[in-house]
Amino acid sequence: MTRCAVFGTGSWGTAFAMVLADAGCEVTLWGRRQELADAVNATHTNPDYLPGVRLPDTVRATTDPAEALAGADFAVLVVPSQTLRENLAAWAPLLEPQTVLVSLMKGIELGTAKRMSEVVGEVAKVGPERIAVVSGPNLAREIANRQPAASVVACTDEAVAKRLQAACHTPYFRPYTNTDVIGCELGGAVKNVIGLAVGMADGMGLGDNTKATLITRGLAETTRLGLALGADPYTFAGLAGMGDLVATCSSPLSRNHTFGTNLGRGMSLAETIAATRQTAEGVKSCESVLDLARRNGVDMPIVEAVVDVVHNGRPTQEALRALMSRSAKPERH
């Protein structure tokens, strides 16, 4: 039986643990809080993040990373992206030689502008053949309810991607393989920022034309950045690109969309953070995405506008006017 360790007991980590177990894997969830681990083991539920969802009996929880990693074929990382480096530094010495590290995180590291797979490789000192990424339109609550969904599992080693595909393929969760790790990661990171922008538009009471414009031009910005970094442009037309972007920008289950909506309604950054229980990755990653774009000479005006609103206090109406008053270019740009 395939053994999987899932590091992170939030809604997405718990939902993916359920997927792995439903696919026939033996799964150990790692979390910091003993009371949550005890609840998972005693009731087969995660009362804090997925109340009412019963987890398979093959999912158990622990606060001991060594216990979680013992014999693991896959170590799935689902912690906030800005905490990955510190967390993984503690876990890396416990990794076994066969363990593949799987990133479910959708962010860019602040300061270094590195993708999560780059941080994993650097900290764990493993090659790209032992690093995989899962990305797609994967709203945790819908997957926890076993509603049909698809995703992309990416690794530069196609054989590893196929192994991971088999480990998480269920009647309701369909994974597709890809070798374009760069494109999959950028699609997942930038869509959070565009989700903030679309949420702001919703909060301002703007309509579908505005939101469709932001989604489409946001995809164009993502693709430009991807091409500059060597990604396959076709990735952005698929599940890890357009698919994930549409789900994040259109669903009230999206943390980033909800965060942006509250900003668009006039709430301050502090008020919005206080109202948001879980991490909205785009809030911090918008700065690192913009940093990455500038390092590579890529123009990303929507991302820049989001940074201005979220971190520089620019009013949403003013940021929108600045976007709309930019000089017009051919659409291919």
Side-chain angles (χ1 to χ4, degrees), residues 106 136-142 147 149-150 186-226 236-278 280-283 285-287 289-290 293 299-333:
K106 297 180 177 180
N138 300 148
L139 297 163
R141 171 53 74 167
E142 292 183 3
Q147 295 180 15
L186 290 178
V190 182
K191 64 95 184 183
N192 286 329
V193 185
I194 307 305
L196 287 170
V198 173
M200 291 177 204
D202 259 336
M204 293 161 66
L206 301 174
D208 292 332
N209 288 337
T210 306
K211 289 178 281 187
T213 298
L214 288 169
I215 291 170
T216 308
R217 295 310 303 167
L219 184 64
E221 291 189 17
T222 309
T223 305
R224 281 201 300 269
L225 181 60
F236 302 110
L239 290 163
M242 177 57 85
D244 200 4
L245 182 64
V246 168
T248 294
C249 292
S250 60
S251 175
L253 295 174
S254 162
R255 303 168 198 168
N256 292 281
H257 180 275
T258 300
F259 197 102
T261 300
N262 287 334
L263 288 175
R265 288 173 177 160
M267 290 175 64
S268 69
L269 179 63
E271 290 170 336
T272 305
I273 290 172
T276 306
R277 185 176 181 188
Q278 295 191 65
E281 288 281 12
V283 175
S285 282
C286 61
E287 290 185 290
V289 168
L290 184 58
D299 186 30
M300 300 186 77
I302 297 175
V303 173
E304 190 169 351
V306 170
V307 171
D308 272 351
V309 171
V310 174
H311 295 287
N312 300 331
R314 191 175 197 180
T316 51
Q317 290 281 4
E318 186 180 311
L320 177 63
R321 282 195 299 271
L323 270 176
M324 295 302 292
S325 63
R326 284 170 52 86
S327 59
K329 297 179 180 179
E331 190 189 16
R332 65 179 180 273
H333 295 296

- Per the side chain to side chain contact (heavy atoms under 4.5 Å, CB included) rule, which among Asn262, Val198, Leu196 passes with His257? Val198

Find the distance between [atom1] ([X]) and [atom2] ([Y]) and round it off to the nearest 0.5 Å.
X: Ile302; Y: Leu320; atom1: CD1; atom2: CG; result: 10.5 Å
X: Arg265; Y: Thr272; atom1: CZ; atom2: OG1; result: 10.5 Å
X: Glu281; Y: Phe259; atom1: CD; atom2: CZ; result: 12.0 Å
X: Lys191; Y: Ile215; atom1: NZ; atom2: CD1; result: 12.5 Å
X: Lys211; Y: Ser250; atom1: NZ; atom2: OG; result: 9.5 Å
X: Ile194; Y: Leu214; atom1: CD1; atom2: CG; result: 7.5 Å

Which atoms form the tightest heavy-atom contact between [X] and [Y], and what is the distance?
X: Leu219; Y: Phe236; answer: CD1-O, 3.4 Å
X: Met300; Y: Ala293; answer: SD-CB, 3.4 Å
X: Cys286; Y: Val303; answer: O-CG1, 3.7 Å
X: Asn138; Y: Ala149; answer: ND2-CB, 4.4 Å
X: Asp244; Y: Gly136; answer: OD1-O, 2.9 Å
X: Val193; Y: Val306; answer: O-CG2, 3.7 Å

Taking [X] for its side chain and [Y] for its backbone only, find out whether a donor-acceptor pair lies under 3.5 Å.
X: Asn256; Y: Gly282; answer: yes
X: Glu271; Y: Ser268; answer: yes
X: Ser251; Y: Ala247; answer: no
X: Ser325; Y: Ala322; answer: yes
X: Thr258; Y: Pro252; answer: yes

- Query: Just wondering, more than 12 heavy atoms not from Asp208 lying within 6.0 Å of its CG?
  - Reply: no

- Task: Taking the side chain as every heavy atom from C-beta outward, state whether Met200 and Val310 have any atom pair closer than 4.5 Å.
- Result: yes

- Task: Using the test side-chain contact (heavy atoms from CB on, under 4.5 Å), find all partners of Pro301 that sit at least two apart in sequence or belong to another chain.
- Result: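 In terms of side-chain contact (heavy atoms from CB on, under 4.5 Å), with neighbours along the sequence ignored, Pro301 is linked to Glu221, Arg224, Asp299, Leu323, Arg326.
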
